[in-house]
Amino acid sequence: MRNRRIWELVIFGLLLAQALPAQMKQALTFDDFISMKRVADPQPSPDGAWIAYTVTVYSKEDNRGN
């Protein structure tokens, strides 16, 4: 069961990586970086069917995440 969860997270990461453009035309700037949402703290449901996680959105103007 634990191995399955690990593989699910690996597959999720690979799918996310494929969603990004294959070739970036410019370097990543601070504004680009701050505009990205951060995914963290994955927790599987008791039956293993779902994964809950937190998403943090940062604000440059407020200098904080929510």
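- A heavy-atom distance below 4.5 Å is found between the side chains of Ile51 and Glu8.
- Contact detail for Leu28 and Phe33: the closest heavy-atom pair is CD1-N, 4.2 Å.
- Of the N and O atoms on the side chains of Asp32 and Ser35, not one donor lies less than 3.5 Å from an acceptor on the other residue.
- Panel note: side chain Asp47, backbone Ala49; a donor-acceptor pair is recorded below 3.5 Å.
- At most 12 heavy atoms of other shown residues, nucleotides or ligands fall within 6.0 angstrom of atom CG in Asn63.
- The main-chain N or O of Ala40 is found under 3.5 Å from a side-chain atom of Thr54 such that the two form a donor-acceptor pair.
- In this structure, Arg38 and Tyr58 have side chains that are in contact, with non-hydrogen atoms separated by less than 4.5 Å.
- The shortest non-hydrogen separation linking Pro42 to Leu9 is CB-CD2, 4.0 Å.
- When all heavy atoms are compared, the tightest approach of Ile34 to Asp31 is CG2-O, 3.3 Å.
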Report the C-alpha separation of Val39 and Tyr53 in whole Å, then their side-chain angles, then the decisive distance to 0.1 Å, and conclude whether the side-chain contact (heavy atoms from CB on, under 4.5 Å) test is met. CA-CA 7 Å; Val39 178; Tyr53 54 89; 3.4 Å; yes

